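The structure appears below as structure tokens.
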Amino acid sequence: QVQLVESGGGLVQAGGSLRLSCAASGRTISTYAMGWFRQAPGKEREFVAAITSGGYTYYADSVKGRFTISRDNAKNTVWLQMNSLKPDDTAVYYCEARPDRYAFDYSDYSAHWAYSYWGQGTQVTVSS
């Protein structure tokens, strides 16, 4: 079992930045792919970014160039640096984990249903 706890959300003005953290416990995440997803009121959960066990990254088109995902396996932690935030980025952000496999591609890393663990989420609100 992997327990995930997100932190770092809050209220920020458009154009501002936030850094989300995801602390994992229960098992080392070194062999897990880690993803960030978000869900706005009335909408489905959507993919934001993912990082493979080997450190390769994937991003949704809507955040590419503004968000950066990173990980430190020694600290069992994943981060999401969010810059140039927009009101459309307002959502609850979830950290998720899944066992990684060599042959996975973008479709595998961007599907919420394929992840085994996720946290309670952290609220990000961007005001205009």
Side-chain angles (χ1 to χ4, degrees):
Q1 293 286 338
V2 177
Q3 291 80 44
L4 302 171
V5 178
E6 303 94 337
S7 62
L11 173 64
V12 64
Q13 288 188 331
S17 298
L18 283 174
R19 190 190 195 203
L20 305 184
S21 298
C22 172
S25 61
R27 192 175 288 185
T28 177
I29 62 170
S30 60
T31 59
Y32 285 76
M34 303 298 296
W36 285 97
F37 290 75
R38 66 188 181 187
Q39 188 164 17
K43 295 186 177 181
E44 293 187 354
R45 192 170 300 193
E46 66 173 2
F47 171 71
V48 175
I51 185 166
T52 70
S53 57
Y56 195 82
T57 57
Y58 296 89
Y59 296 94
D61 287 343
S62 59
V63 307
K64 203 171 292 184
R66 300 188 298 123
F67 291 10
T68 302
I69 188 171
S70 60
R71 68 190 295 164
D72 185 332
N73 292 334
K75 296 182 179 180
N76 239 26
T77 301
V78 179
W79 296 273
L80 183 69
Q81 177 67 43
M82 306 187 296
N83 298 329
S84 302
L85 282 161
K86 305 174 182 179
D88 284 349
D89 296 319
T90 295
V92 177
Y93 283 70
Y94 297 90
C95 175
E96 306 196 2
R98 65 168 301 180
D100 207 355
R101 296 290 184 272
Y102 177 74
F104 284 172
D105 59 17
Y106 180 90
S107 62
D108 298 296
Y109 293 112
S110 61
H112 162 62
W113 58 264
Y115 283 74
S116 306
Y117 308 101
W118 51 89
Q120 294 297 311
T122 185
Q123 175 71 46
V124 171
T125 303
V126 184
S127 63
S128 57

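Reckoned from all heavy atoms, side chains included, excluding hydrogens, waters and symmetry mates. Note that the structure is predicted; figures quoted are calculated from it, not measured.
Between the CZ atom of Arg27 and the OH atom of Tyr32 there is a distance of 4.0 Å, given to the nearest 0.5 Å. For the atom pair CH2 of Trp113 and CZ of Arg98, the computed distance is 7.0 Å after rounding to the nearest 0.5 Å. For the atom pair CZ of Phe37 and CD of Glu96, the computed distance is 5.0 Å after rounding to the nearest 0.5 Å.
Shown are Val63, Val124, Val48, Thr68; of these, the side chain to side chain contact (heavy atoms under 4.5 Å, CB included) with Leu80 is made only by Val48.
Of all the heavy atoms in Val12 and Leu18, the pair that sits closest is CG1-CD1, 4.0 Å. Closest heavy-atom contact between Arg38 and Ala91: CB-CB, 3.8 Å. The shortest non-hydrogen separation linking Glu6 to Tyr94 is OE2-CA, 3.4 Å. The minimum heavy-atom distance between Tyr106 and Ala60, with the atom names listed, is OH-CA, 3.9 Å. Nearest approach of Thr77 to Ile29, heavy atoms of both residues: N-CD1, 3.9 Å. For the residue pair Arg71 and Thr52, the shortest heavy atom distance occurs at NH1-O, 2.9 Å.
Put simply, Tyr117 and Ile51 are part of the same group of oily side chains (I, L, V, M, F, W, Y) that touch within less than 4.5 Å, one to the next. Residues Tyr56 and Ile69 fall into different hydrophobic clusters, defined by Ile, Leu, Val, Met, Phe, Trp and Tyr side chains chained together at heavy-atom separations under 4.5 Å. Taking hydrophobic clusters as Ile, Leu, Val, Met, Phe, Trp and Tyr residues chained together by side-chain heavy-atom distances below 4.5 Å, Phe67 shares a cluster with Trp36. Residue Trp118 is not grouped with residue Met34 when hydrophobic side chains (ILVMFWY) are merged at heavy-atom distances under 4.5 angstrom, including chains of intermediate members. Transitive grouping of hydrophobic side chains (ILVMFWY, heavy atoms separated by less than 4.5 Å) keeps Val92 and Leu20 in distinct clusters.
With 3.5 Å as the limit, one finds a donor-acceptor pair spanning the side chains of Asp100 and Tyr109.
With salt bridges taken as basic N to acidic carboxylate O contacts below 4.0 Å, none links Asp89 and Lys86. A salt bridge does not link Asp108 to Arg101: none of the charged side-chain nitrogens sits closer than 4.0 Å to a carboxylate oxygen.
Each disulfide (SG to SG under 2.5 Å) pair with one or both residues in residues 51-128, not counting sequence neighbours, appears once here: Cys22-Cys95. Residues in residues 96-128 take part in no disulfide (SG to SG under 2.5 Å) pair, two or more places apart or across chains.
Two rings, from Phe47 and Tyr115, have their centers 6.0 Å or more apart.
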Practice task
Starting from the C-alpha separation in whole Å, work towards a yes-or-no answer on side-chain contact (heavy atoms from CB on, under 4.5 Å) for Thr122 and Ser7.
Solution key: CA-CA 6 Å; Thr122 185; Ser7 62; 5.7 Å; no
Exercise for the section: Please test Gln123 against Thr90 for side-chain contact (heavy atoms from CB on, under 4.5 Å), starting from the C-alpha separation and ending with a verdict. Expected result: CA-CA 8 Å; Gln123 175 71 46; Thr90 295; 4.1 Å; yes
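Asn76 meets the side-chain hydrogen bond (donor to acceptor under 3.5 Å, both in side chains) test with no other residue; sequence neighbours excluded.
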